[in-house]
Amino acid sequence: MGDLPIVRFEEKIVETVKENPVVVVIGETGSGKSTQLPQILYRRGYAKSGIIAVTQPRRVAAVSVSRRVAQEQNVRIGEEVGYAIRFEDRTSEKTRIKYLTDGVLLRESLFNPELNQYSVIILDEAHERSLNTDILLGLMKRLIKWRHSNLKVLITSATLDGGKVSRFFSDCPVLTVPGELFPVEIVHISELPKSYVEASLKKAIDIHVREPEGDILIFLTGQDDIEKLVLKLEERVQSLEEGSCMDALILPLHGSLPPEMQASELACHSPCWLPEWIVAVVCAGMFHVRVFSPPPPNCRRFIVSTNIAETSLTVDGVVYVIDSGYVKQRQYNPSTGMYSLEVVQISKVQAKQRAGRAGRTRPGKCYRLYPSTVYHDDFLDATIPEIQRSSLAGTVLYLKSLDLADMDILKFDFLDSPSVESLEDALKQLYLVDAIDENGSITSLGRKMAELPLEPSLSRTLLEANELDCLSQALTVVSMLSAETTLLPAPSKSSEKKRRHTLSNLPDGFGLGDHIQLLQIYEQWYQTDYNIDWCKENNLQVRGMVFVRDVRKQLSQIMQKITKGSLDVQTSNRRRGGQQEFKSLRKALCIGYANQLAERMIRHNGHRPLGFKSELVQVHPSSVLKSDEDGMLPNYVVYHELIVTSRPFMRNVCAVEMRWVAPILAKLDKLNVFKLSGGSSQPDNQIQEVTSTVEKKEIAAVQPPEDRASMIQAARERFLARKEWPHPLNMWHSLVGLELDWDAKSP
DNA sequence: GAGCACTGC
């Protein structure tokens, strides 16, 4: 590995690190930064007073890079070089270089905020801007002030973003280490295509017919488009004259592919937490994950992929990349509490990353299905960071529990701040689940919740379940929800009927809700002694169920620790006695999901989420929740998630009772976001009561203050006239208006 | 009566 580019910069790196507490390292793909930076610092004695930590956004990366470095150091993994990821800690007293996921470092920081076991912290792949990396960046900025004499922080980033990170850390030095990629020729299309599936098809066939050998990687946005393109490619390739060009192998690649699609003889050696169809391979100082076995001779592979191939997976042999310029992104709207999955333009960083996939083994070409003017003028420099696209309840609770001095959550120093709306939404949610009091201070309950690696509503459910003697059931439900997306195999048109048939053999939660069904499914599996075949028979993903078991074990241990008692966490083995048995559990869910509560309209089955400025939503049709003899759904439900697809839906819904809901309504009534946020600049209470957050900010900005009176009056009039957004306790009065509204929207 | 990118504690 002596000839990796980064090694030539050793003196420069060491010198800069010596002089500065924070250094940004721009290391392009192939520079060997992930493996070599820690080894350089280790050689120069930086591990004498502490451990060198290297964070990674992904588990696979933490494991495979550390394996590589252990090999280079000629030690066994877990000795001088080790790694720590959830469920697996391969470190010992001897460990000097420790790779860990950024989530694990955040957990460690909860119990040891100064992180004083570490002498160096390297935040790798910071340009990916994962939620956890962003929190760590903010924490590092504070930590450097406390520990400026004995802590070094290195941050690796992409070219386009290095300057920004450097400015964030008081203009710290930026070192650039070239990569070892082969040149990639970029070709832009002259006009935006009408359909990028068609455009990709045309370009791919074009390459296949004209260009020399080398695999083609095509970036699309989702499973649907991928399946469409795969079919069309197969058609077109078959219609080509035999012998006119080489053979073709067309392969889809996305996260929900069933394992059997990509069977490989090496797969059985991969760790259990990896999807069976992926094999981790480390070579040339870089890690990558290899997909598929090598292609047959004289055959070109067409890999049609989501952005999973952008960073998470590397396909060997790719020489041509076709980039649609789009990606599917999940976004959270803090004013409605809804998630949506939207197709959006990629950023320049992403476009560069995609192009780089063509130059790993030899010079390559990247065909962009968008004009270069669009790239320069429309594309954002960097992807919108996750912290600006997610619900921040968990993040805010985490930061509150750190007890940082002079901590004002609205002023926490983020590289990119989330919106005020988003932070206020988080505070509101935390208040409803009793994690903070009406002044925004963390409660003792909130501290316990922060120790659980769960969203606040789920950790609140566990703690309440413990009080109500149904902890064992709640542990199961919460663990099942943690793995929910990996439980059921991806629905594909051909297996649709079969899947439905087998699903009907599973329990139905007595019609009380999806949480109850999840509980019953796990308990049935438990009764088969965790039989793998039972999962297969019922079409449940084995990997997902095993993950649930691991999560459940971890949560049980943390609950034992938090409550300092021996708890009944055993999975139930009794024969079910009926609905009555789930009453306590449902009550615990109601209290835990106080921030995710919805009320049914009088005359129809539309629900209105409480506490959000929101449209009506429907129970997702996949739910097992049953309606009564009049066809009506329960008056009150809690939901796990609001997701907008063709309409807004509540996914994973559970029926709750009015008498449990009443105290939550009272709390919603008292809600005062200004007080929650510390209230230093609190405007007078009349504005608070009658205006939305946006209006409040507008009013507060008016100068001089005397001119605000008329605006306040106007806001009050609007409030009094407002029918579609009633006060929680007066809601019945305005239901008629809502129903009319709803009917007008229905087709 | 619908359909969903990718991570992580």
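Hydrogens, waters and symmetry mates play no part in the numbers below; they use all other heavy atoms, side chains included. Residue numbers begin at 1 in each chain, while the letters A, B, ... track the order of the sequences. Quick caveat, the model's predicted, so the values are computed rather than measured.
Among the heavy atoms of the strands lying under 4.0 Å from A/R651 is at least one base atom, whether or not backbone atoms are also near. Using a 4.0 Å heavy-atom distance criterion, A/N307 is classed as a sugar-phosphate-only contact. Residue A/T101 is in sugar-phosphate contact alone, with no base atom involved, counting any heavy-atom pair closer than 4.0 Å across all strands shown. Across all strands shown, A/V327 has no heavy atoms under 4.0 Å from either base or sugar-phosphate atoms.
Following rounding to the nearest Å, A/L555 (CG) and B/dG8 (C1') show an atom-to-atom distance of 14 Å. Taking atom CG of residue A/L136 and atom P of nucleotide B/dC9, one finds them 12 Å apart after rounding to whole Å. Rounded to whole Å, the distance from OH on A/Y99 to P on B/dG8 is 17 Å. One interatomic measurement links the two molecules: CG of A/D102 to P of B/dG8, which rounds to 9 Å at whole-angstrom precision. Between A/I346 atom CD1 and B/dA5 atom C1' there is a gap of 13 Å when expressed in whole angstrom units. The CZ-P distance, from A/F547 to B/dT7, rounds to 12 Å in whole Å. One atom, CZ of A/R389, and another, C1' of B/dT7, lie 11 Å apart when rounded to the nearest Å. Taking atom CD of residue A/E386 and atom C1' of nucleotide B/dG8, one finds them 9 Å apart after rounding to whole Å.
Using a 4.0 Å cut-off between charged side-chain N and carboxylate O, A/R59 and A/E88 make no salt bridge.
For B/dG1, neither phosphate oxygen OP1 nor OP2 lies less than 4.0 angstrom from any side-chain nitrogen or oxygen of A/Q618. The side chain of A/T311 contributes no N or O atom lying less than 4.0 Å from OP1 or OP2 of B/dT7. OP1 or OP2 of B/dC6 lies within a sub-4.0 Å distance of a side-chain N or O belonging to A/T306. The side chain of A/S646 places an N or O atom within less than 4.0 Å of a non-bridging phosphate oxygen (OP1 or OP2) of B/dG3.
At least one donor-acceptor pair closer than 3.5 Å links the side chain of A/S324 to the backbone N or O of A/F219.
With A/Y332 as the aromatic partner, A/R389 does not meet the cation-pi criteria of under 6.0 angstrom to the ring centre and within 45 degrees of the ring axis. Cation-pi check for A/R651 over A/Y639 is not met; the charged atom does not lie both under 6.0 angstrom from the ring centroid and within 45 degrees of its normal.
Across B/dG3, B/dC9, B/dT7, the shortest atom-to-atom separation from the side chain of A/R58 is found for B/dT7. In this structure, the nucleotide among B/dC4, B/dA2, B/dG8 sitting nearest to the side chain of A/K328 is B/dC4.
Aromatic ring pairs are classed by plane angle as parallel below 30°, tilted from 30° to 60° and perpendicular above 60°; the pair A/Y326 and A/Y196 is parallel.
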